[in-house]
> 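Submitted below is the structure of interest, expressed as structure tokens.
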Amino acid sequence: MGREAGYIKRARDLDVYRRAYAGSLDVHKATLVFPKMEQYALADQMRRSSKAICANLAEGFAKTDPFQARVCTVHFYGHGSCSEVETWISYASDLGYITQAQRDEWLQSYVHIYGMLVNLREKLK
């Protein structure tokens with residue numbers, strides 16, 4: 001569907017997109033039970049930054065100058081959003097909103113996603 005002769009045309013065909021999407025769903029569901037005072041602060045930041053990874057990949061793959069757009073999107077926005085969500089995860093853990101096990105699982109996942117973004121950027125050069 002999104003691939004023609006090995007060429008990926010849509011971001012959702014990327015493994016990193018699928019992994020980041022699954023992670024953002026986990027983050028979204030978990031933050032729905034954060035205290036009310038955090039729903040428009042920490043919880044919202046976690047939901048937005050986790051979803052931004054996929055959104056930025058999708059935007060980059062839809063640009064008219066595919067090569068430059070993809071490299072810039074992965075490099076500047078994908079990495080930044082990934083690092084941002086890692087920071088918010090640490091805050092959520094330190095404030096007692098998620099367990100240490102959940103923190104470790106999510107941080108490991110986002111470290112892996114970050115590495116996948118690095119690899120993708122290198123392939124696009």
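Residue numbers count from 1 along this sequence. Because only heavy atoms are used, hydrogens play no part in the values below, and waters and symmetry mates are left out as well, while side chains stay in.
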> How far apart are the closest heavy atoms of Ala11 and Tyr17, and which atoms are they?
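Closest pair (atom of Ala11, atom of Tyr17, distance): O-CB, 3.1 Å.
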> According to side-chain contact (heavy atoms from CB on, under 4.5 Å), who are the partners of Gln108, at least two apart in sequence or on a separate chain?
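Applying side-chain contact (heavy atoms from CB on, under 4.5 Å) to Gln108 gives none.
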> In the structure I gave you, are the side-chain heavy atoms of Leu117 and Leu57 within less than 4.5 Å of one another anywhere?
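The answer is yes, as the side chains (C-beta and beyond) meet within the 4.5 Å cut-off.
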> Got a second to check how far Leu120's CG is from Ile113's CD1, nearest 0.5 Å?
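Going from the CG atom of Leu120 to the CD1 atom of Ile113 covers 13.0 Å.
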> Any idea which heavy atoms bring Ala52 and Ser81 closest together, and the distance?
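Looking at all heavy atoms of both residues, the shortest contact is CB-OG, 3.4 Å.
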> Just jot down the side-chain hydrogen bond (donor to acceptor under 3.5 Å, both in side chains) partners of Gln39, sequence neighbours excluded, or say none.
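Testing Gln39 for side-chain hydrogen bond (donor to acceptor under 3.5 Å, both in side chains), a comparison that skips the adjacent residues, returns Arg47.
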> Pair Val85, Ser24 - check side-chain contact (heavy atoms from CB on, under 4.5 Å), show working.
CA-CA 10 Å; Val85 75; Ser24 70; over 6 Å; no
> In terms of hydrophobic clusters joined by side-chain contacts under 4.5 Å, are Val111 and Ile53 together?
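Shared cluster, no.
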> For Ser83, give me all partners under side-chain contact (heavy atoms from CB on, under 4.5 Å), at least two apart in sequence or on another chain.
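side-chain contact (heavy atoms from CB on, under 4.5 Å) list for Ser83, sorted by chain: Tyr114.
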> Can you pull out every salt bridge (Lys or Arg N to Asp or Glu O under 4.0 Å) where at least one residue sits in residues 81-109? Sequence neighbours excluded, please.
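Of all non-adjacent pairs touching residues 81-109, none passes salt bridge (Lys or Arg N to Asp or Glu O under 4.0 Å).
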> Salt bridge or not for Asp15 and Arg18, using N-O below 4.0 Å?
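Salt bridge: yes.
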> For the hydrophobic clusters of this structure (ILVMFWY residues joined by side-chain heavy atoms under 4.5 Å, transitively), does one cluster hold both Leu42 and Met37?
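Yes, because Leu42 and Met37 connect within a single hydrophobic cluster, where side-chain heavy atoms sit under 4.5 Å apart.
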> At what distance, to the nearest 0.5 angstrom, does CG of Asp26 lie from OG of Ser109?
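The CG atom of Asp26 sits 8.0 Å away from the OG atom of Ser109.
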> Can you measure from CD (Glu59) to SG (Cys54) and round to the nearest 0.5 angstrom?
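Reported to 0.5 Å precision, the distance equals 13.0 Å.
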> Taking only residues two or more places apart in sequence, or in another chain, which ones meet Thr87 in a side-chain contact (heavy atoms from CB on, under 4.5 Å)?
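So Thr87 forms a side-chain contact (heavy atoms from CB on, under 4.5 Å) with Tyr91.
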> Could you tell me which residues satisfy salt bridge (charged side-chain N to carboxylate O under 4.0 Å, His left out) with Arg48, sequence neighbours excluded, listed by chain and number?
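For Arg48 the salt bridge (charged side-chain N to carboxylate O under 4.0 Å, His left out) partners, ignoring immediate neighbours, are Asp44.
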> Do you know which two heavy atoms are closest between Trp106 and Ala30, and how far apart they sit?
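Distance-wise, the nearest heavy atoms are CH2-CB, 3.4 Å.
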> Has the side chain of Ser93 got a donor or acceptor atom that lies under 3.5 Å from a matching backbone atom of Ile89?
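No.
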> Restricting to pairs with a member in residues 24-50, which pass ring pair (Phe, Tyr, Trp, His ring centres under 6.0 Å), not counting sequence neighbours?
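Those involving residues 24-50 are Phe34-Tyr97.
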